[in-house]
Every structure is written in C-alpha cells, then in structure tokens.
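Have a look at the structure below, then the notes.
Any value given below was found using the heavy atoms of this structure, including those in side chains, with hydrogens, waters and symmetry copies removed.
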Amino acid sequence: VIAAGRFFDLGPGSASCNMTCKTAGIEWADYFLNWQMGIYWALLPTMLVTMYFAQKYWDKREGLDPDFEALREKFRQEEADNSNKAPKIYALLTVLPLFLLLTFNPIVTEYFGLPTIKLGIPAAVIITIFVSMIFEYIRKREFVEVMASMKVFFEGMGKYFAVVVTLIVAGQVFGKGLTAIGAVNALIAGAESMGLGVMSLIIVMGVIIGIIAFLMGSGNAPFYSFASIAPAIAEKFGVHAADVLLPLQTMTGFGRTMSPVTGGIVAVAGMAGVSPFRVVKRNMVPLLCCCVVNFVVVYLFILP
C-alpha cells in the first residue's frame with residue numbers, strides 16, 4: 001500500500017511535471033487543474049479498487065493472517081517511546097507549497113474575481129522553508145540549531161539538482177539528435193502512411209517509456225528523451241503539446257512502480273522486511289489496469 005503511493009507522478013515537486021509544463025509552454029497550475037485532473041478522476045478509483053482485490057488475493061495465496069491488535073499495540077509502544085517526535089501540526093508543512101501554488105495562481109484568482117497573483121514553485125518552496133524555520137525555533141528555542149538544520153535542505157537540493165539537470169541535458173541532446181536525423185518526421189510519416197493517428201503514436205511511445213522506466217527503475221530519463229519531440233508531433237496532428245505529454249508523463253510513474261530496482265520500492269521492501277519482487281507483484285495488476293485506463297481516458301476526454 002505504501003509503494004502504491006508512487007503510482008501517480010503529481011505535484012509541484014515532480015521534475016517530470018515541471019518538464020512537461022516547460023515543454024508545453026503552460027503554467028503548472030494550468031497543467032494540474034485542466035490536464036492532470038482530467039484523467040486522475042478515473043485513475044485514482046481504478047487504483048483503489050484493483051489494489052483492494054489484488055491485496056486480498058495475494059494475502060490469501062500467501063496465507064497471511066496478520067494480528068492487527070498486536071500491530072496496534074506495537075505502534076502504540078513505539079509512539080510512547082519516541083520522546084523526540086515532531087508535533088502533529090508539522091504534517092501541514094508538507095502540503096503548504098501545494099496549498100500556496102493552488103491558491104495564488106491566475107486560474108483561481110480570476111475564477112473568484114480577485115487581483116491576479118502569480119506565485120512560482122521556487123517562491124512557494126522558500127516561503128515554506130521560512131515558515132518551517134519559525135516552527136522549529138518556537139519548538140526548540142535554539143536559533144543556531146535551527147539554522148544548522150538548514151544544511152540538510154541545501155545538501156538535498158544540490159544533490160537532486162545535479163541529477164535532474166544532467167537528465168534534462170541528456171534528454172534534450174537525445175531529442176535534438178532524433179530530430180536532426182529525421183527520425184521524428186519518419187515516425188509521423190510512417191504513422192500517416194499506415195493510417196494511424198496521434199493516439200496510436202501516444203500508445204507506442206507510452207509503452208516504450210513504461211518499459212524503459214521498468215528496466216531502469218526511473219521514469220525521468222526516458223520521459224526527458226521523448227518530451228522534447230512531443231511538440232513537433234502535437235503540431236503535426238493539430239493537438240496541444242500537453243495532450244501528448246500527459247499520458248507519457250503518467251506512464252513514467254507506472255513504469256518505475258513496477259520495477260524492483262526503483263529506489264522507493266527497494267526502501268519500502270526494506271522497511272517491510274520482504275523482497276522487492278514481492279512488493280512489485282502486488283502492484284503489477286493494478287498498474288496494468290491503470291495503464292489501460294490512462295490511454296482510454298486520454299482518448300475519450302483529453303484529445304480533441
């Protein structure tokens with residue numbers, strides 16, 4: 001169940017979402033509200049329902065009958081022993097950037113007739129950091145300790161910044177190379193000669209991205225490689241670039257969650273004390289159902 005949280009690649013913290021917005025030339029709030037929410041109303045119930053039956057099936061097949069009362073007692077004991085736990089109000093800090101971005105953007109302000117206020121992702125993150133520092137100072141009353149804890153934030157930012165920038169550069173080079181050798185035009189011409197439309201290309205590219213994400217344990221690299229050629233395909237078939245990018249970006253989350261070498265899956269398996277393959281097999285059927293629903297909903301409700 002914890003691993004299933006990686007099914008959907010959503011939120012302002014997702015590098016793939018930001019890459020999609022940049023490539024399609026739209027704001028993050030616009031993409032989230034008008035595109036992603038246009039398919040996730042169907043994907044979320046699909047995941048929840050199929051997960052329920054999949055887990056029931058595997059529990060029965062593996063002969064699992066957990067003692068929930070014993071587990072509850074264990075968790076209560078661990079909570080009582082944890083004297084340095086963070087206050088529960090800290091949970092609100094994790095969703096503060098999302099709240100700020102969804103509140104202060106042109107779509108929401110125009111809908112309610114308010115003055116236009118545009119807040120970017122970096123600004124929302126920095127505001128949240130300052131609010132978090134205030135919370136920590138009120139809690140610990142140690143200014144030097146609070147400032148020292150900021151080191152973790154900057155170290156993490158630097159680490160992931162290097163990875164993301166490298167992937168973006170590599171993806172752009174790959175995409176430009178495909179365009180330069182005429183692969184994109186050949187792909188479009190081949191689809192037209194076979195009587196295929198944009199949906200057929202989306203399915204083919206989505207399956208390729210999903211398979212590569214499965215093999216690599218990461219969806220960013222394959223998505224960045226194909227994202228740069230999506231606008232040319234969209235222009236040729238007369239659709240918005242986000243119409244093409246949305247199902248592809250969604251497939252990155254599905255592909256990596258099916259992979260036993262994904263960092264998140266390995267971490268969840270380690271905490272549970274089981275093999276990553278045991279986690280992945282429980283995700284497999286729900287993910288395959290979500291893949292099908294993804295393409296069906298895009299075809300019915302997203303593409304013009």
Side-chain contact, heavy-atom cut-off 4.5 Å: Leu33 with Glu27?
no
Is Val144 linked to Met150 within one hydrophobic cluster, defined over Ile, Leu, Val, Met, Phe, Trp and Tyr using a side-chain heavy-atom separation of less than 4.5 Å?
no
Sorted by chain and number, sequence neighbours left out, ring-ring contact (aromatic ring centres under 6.0 Å, His included) with Phe32 holds for Trp28
**Item:** Aromatic ring pairing Phe254/Phe7, orientation class (parallel under 30°, perpendicular over 60°, tilted between)
**Value:** perpendicular
When every non-hydrogen atom of Gln36 is compared with those of Asp9, the smallest separation belongs to NE2-O, 3.5 Å
Check your understanding: Given the rule that I, L, V, M, F, W and Y join up when any side-chain heavy atoms are under 4.5 Å apart, are Phe153 and Phe130 in one cluster?
Key -> yes
May I have the step-by-step check of side chain to side chain contact (heavy atoms under 4.5 Å, CB included) for Leu96 and Leu92, ending in yes or no?
CA-CA 6 Å; Leu96 183 56; Leu92 298 177; over 6 Å; no
Looking only at heavy atoms, the pair that brings Thr257 and Ala3 closest together is CG2-O, 3.7 Å
Please say whether more than 12 non-hydrogen atoms of neighbouring residues, nucleotides or ligands are located less than 6.0 Å from OH in Tyr52.
-> no
- Task: Show the numbers, then the answer: is there a side chain to side chain contact (heavy atoms under 4.5 Å, CB included) between Val297 and Leu43?
- Result: CA-CA 9 Å; Val297 175; Leu43 288 176; over 6 Å; no
Applying a strict under-4.5 Å side-chain criterion to I, L, V, M, F, W and Y, I'd like to know whether Leu288 and Phe53 cluster together.
no
- Query: So does Tyr90 have more than 12 non-hydrogen atoms from other groups sitting under 6.0 Å from OH?
  - Reply: yes
- prompt: So, do Tyr40 and Pro45 sit near enough that their side-chain heavy atoms are less than 4.5 Å apart?
  reply: no
Rounding to 0.5 Å, atoms CE (Met19) and CG (Leu245) come to a distance of 8.5 Å
Side chain to side chain donor-acceptor pair (under 3.5 Å) pairs touching residues 144-153, sequence neighbours excluded, are Lys140-Glu145
Student check: side-chain heavy atoms of Met216 and Val261 closer than 4.5 Å
no
Sorted by chain and residue number, the side chain to side chain donor-acceptor pair (under 3.5 Å) partners of Asp30 (sequence neighbours excluded) come out as Asn34
- Task: Check whether more than 12 heavy atoms from other residues, nucleotides or ligands sit under 6.0 Å from atom CD of Gln55, and answer yes or no.
- Result: yes
Between the CD atom in Gln249 and the OH atom in Tyr31, the distance rounded to the nearest 0.5 Å is 4.0 Å
Side-chain donor or acceptor of Ser14 paired with backbone N/O of Cys17 under 3.5 Å = yes
**Prompt:** What's the verdict on side chain to side chain contact (heavy atoms under 4.5 Å, CB included) for Leu119 and Ile127, showing C-alpha distance, side-chain angles and the deciding distance?
**Reply:** CA-CA 10 Å; Leu119 186 68; Ile127 291 173; 4.2 Å; yes
Could you check whether any side-chain heavy atom of Met47 comes within less than 4.5 Å of a side-chain heavy atom of Val293, counting everything from C-beta outward?
no
- When clusters are formed by joining ILVMFWY residues with side-chain heavy atoms under 4.5 Å apart, either directly or through shared neighbours, do Phe277 and Ile211 land in the same one? no
Next on the checklist: Do Pro260 and Ile265 have side chains that approach each other closer than 4.5 Å (heavy atoms only, starting at C-beta)?
Outcome noted: no
Asn18 and Ile121 have their tightest heavy-atom pair at OD1-CD1, 2.8 Å
In terms of heavy-atom contacts, Ser16 and Thr252 come closest through OG-OG1, 4.4 Å
| said: Surrounding NZ of Lys281 (heavy atoms of other residues, nucleotides or ligands, distance under 6.0 Å), is the total greater than 12? | reply: yes
OG1 (Thr20) and CD1 (Ile26) are apart, to the nearest 0.5 Å, by 8.0 Å
In this structure, CE of Met147 is separated from OH of Tyr137 (nearest 0.5 Å) by 12.0 Å
Over 12 foreign heavy atoms within 6.0 Å of CG, Leu300: yes
Tested for side chain to side chain contact (heavy atoms under 4.5 Å, CB included) against Leu246, the lone hit among Ile39, Ile202, Leu303 is Ile39
Problem set entry | Greater than 12 external heavy atoms within 6.0 Å of Phe295's CZ | yes
CD1 of Ile212 to CZ of Phe223, rounded to nearest 0.5 Å, is 13.0 Å
TODO: Could you please spell out the steps behind the side chain to side chain contact (heavy atoms under 4.5 Å, CB included) verdict for Phe8 and Leu44?
DONE: CA-CA 9 Å; Phe8 303 138; Leu44 182 58; 3.9 Å; yes
Between the CH2 atom in Trp58 and the CE atom in Met284, the distance rounded to the nearest 0.5 Å is 9.5 Å
request  = Report yes or no: does Thr262 contribute a side-chain atom to a donor-acceptor pair with the main-chain N or O of Gly264 at less than 3.5 Å?
outcome  = no
In short, Ser228 meets Ser225 closest at the heavy-atom pair OG-O, 3.6 Å
Heavy-atom nearest pair, Ser259 first then Ala213, reads CB-O, 4.1 Å
Sidechain-backbone polar pair: Thr103 side chain, Leu100 backbone, donor-acceptor under 3.5 Å
no
Validation row: Asp243, Val198 side chains within 4.5 angstrom (heavy atoms) | no
